There are 2 protein chains.
Amino acid sequence: MNPETLSALGEPNRFRIVELLRTGPRSVNDIRGRLGLRQSQVSQHLTVLKAVGLVEAEPHAQQRLYKLRAQPVKQLHKWIDRYRCIWEERFEQMDELVEEMTRKEKSDAAGRK
Amino acid sequence: MNPETLSALGEPNRFRIVELLRTGPRSVNDIRGRLGLRQSQVSQHLTVLKAVGLVEAEPHAQQRLYKLRAQPVKQLHKWIDRYRCIWEERFEQMDELVEEMTRKEKSDAAGRK
DNA sequence: TACGAATATTCGTTGACACGAATATTCGTG
DNA sequence: CACGAATATTCGTGTCAACGAATATTCGTA
């Protein structure tokens, strides 16, 4: 995973665009109307999203249909999946480390006496 | 899901910190050494990460052990999971929309004759 | 080819933020 | 309580990105 993708999604309006595109492909003007943004804003954000590979465009006459790309979404899922050990609430590591520190403190104190 | 979490993760050094914390809790100085950052930078980034709820600190004497919090990671997983329909490569929606547009074009052309 | 619709791009401005240096705070210990 | 270690916070600086307005481009059609 690269932080660029996350950074792109971190911008509120881009996030909204992505959320909208989840429900299906949309034209620029469609997005503009639904999200209440200026046309240039939508195009600019879509350019950023396209640059990081999150979306792609399909031309239809003057319109461009934007849709999400599978790969980065899949990658994001794979990345966050590596954090299972966290969200499944395993605190053994923490406990171990705390224990270790406590032992060290005690031995330090003992050694210093 | 809120974009704030993603924005926090979008900063490269914060991303590295989170990746490091995935392997277990760390002290500020530990993070500093492993990632080659200045102390103030580490503290500042940890402050941001704490503000959005991604990490929490546990004091041990002068040290603070930072560790990831389960909730936001879980939330992130839940959010990205709603995009299954994307990464499982379903293009029916797209095809439908394209068809619809094609039909419209044809009827337009027919109506105009 | 001229025109309009849809979209892209440029440009100047403004606010946010990452960084480093310096200083402040917390906390255990002599 | 003075001191040092670990961490937090403040402050000034420079950079970058979002925004709006304006302009440019693309493409179908008369």
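A quick note: this is a predicted structure, and the numbers were derived from the prediction, not measured. Residue numbers start from 1 in every chain, and the chains themselves are labelled A, B, ... in the order their sequence lines are given, proteins ahead of strands. As a basis for the values below, the full set of heavy atoms in this structure was taken, side chains included, without hydrogen atoms, waters or symmetry mates.
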Nucleotide N/O to protein N/O under 3.5 Å, stretch nucleotides 22-27 of chain C:
residue : atom : partner : partner atom : Å
C/dC27  : O2   : B/Gln62 : NE2          : 3.4

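- Smallest separation of non-hydrogen atoms from A/Leu49 and A/Val52: O-CG2, 3.4 Å.
- The two residues B/Ile86 and A/Arg22 come nearest to each other via the heavy atoms CD1-O, 4.0 Å.
- Side-chain N or O atoms of A/Ser43 include none that pairs as donor or acceptor with a backbone N or O of A/Ser40 at under 3.5 Å.
- With hydrophobic clusters built from ILVMFWY side chains whose heavy atoms lie under 4.5 angstrom apart, B/Val48 does not share a cluster with B/Val55.
- With hydrogens and angles ignored, the 3.5 Å screen pairs a side-chain donor or acceptor of A/Arg69 with a backbone N or O of A/Gly53.
- A straight line from CG of A/Leu37 to P of D/dC19 spans 7 Å, rounded to a whole angstrom.
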Only pairs under 3.5 Å count here: list side-chain donor-acceptor contacts from residues 11-18 of chain B, not counting sequence neighbours, and write none if there are none.
residue : atom : partner : partner atom : Å
B/Glu11 : OE1  : B/Asn13 : N            : 2.9
B/Glu11 : OE1  : B/Arg14 : N            : 3.1
B/Asn13 : OD1  : B/Arg16 : NH1          : 3.2
B/Asn13 : ND2  : B/Gln41 : OE1          : 3.3
B/Arg14 : NE   : B/Ala8  : O            : 2.8
B/Arg14 : NH1  : B/His45 : ND1          : 3.3
B/Arg16 : NH2  : B/Leu35 : O            : 3.1

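- The phosphate of C/dA21 has OP1 or OP2 within less than 4.0 Å of a side-chain N or O from B/Arg38.
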Writing each nucleotide of DNA chain C 5' to 3' as (, ), [, ], | or . by Watson-Crick or G-U pairing under 3.5 Å yields ||||||||||||||||||||||||||||||
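- Side-chain contact between B/Trp79 and A/Ile80: absent, with no pair of heavy atoms (C-beta onward) separated by less than 4.5 Å.
- A 4.5 Å side-chain heavy-atom check between A/Glu19 and B/Met1 finds every atom pair outside the cut-off.
- A/Glu4 places its CD atom 14 Å from the C1' atom of D/dC16, with the value rounded to the nearest Å.
- Residue pairs meeting the salt bridge (charged side-chain N to carboxylate O under 4.0 Å, His left out) criterion with at least one member in residues 31-53 of chain B, sequence neighbours excluded: B/Asp30-B/Arg34.
- Applying a 4.0 Å cut-off to non-hydrogen atoms, the residues of residues 5-20 of chain B that approach DNA chain C are B/Glu11, B/Asn13, B/Arg14, listed by residue number.
- Near DNA chain D, defined here as any heavy-atom distance below 4.0 Å, the residues from residues 41-54 of chain B are B/Ser43, B/Gln44, B/Thr47, listed numerically.
- In this structure, B/Gly10 and A/Pro3 approach most closely via the heavy-atom pair O-CB, 3.5 Å.
- B/Glu4 CD: 12 or fewer foreign heavy atoms inside a 6.0 Å radius.
- Considering only heavy atoms from C-beta on, A/Leu6 comes within 4.5 Å of A/Leu76 through its side chain.
- In summary, of the residues considered (A/Thr47, A/Leu37, A/Asn29), a side-chain contact (heavy atoms from CB on, under 4.5 Å) with A/Val42 occurs for A/Leu37 alone.
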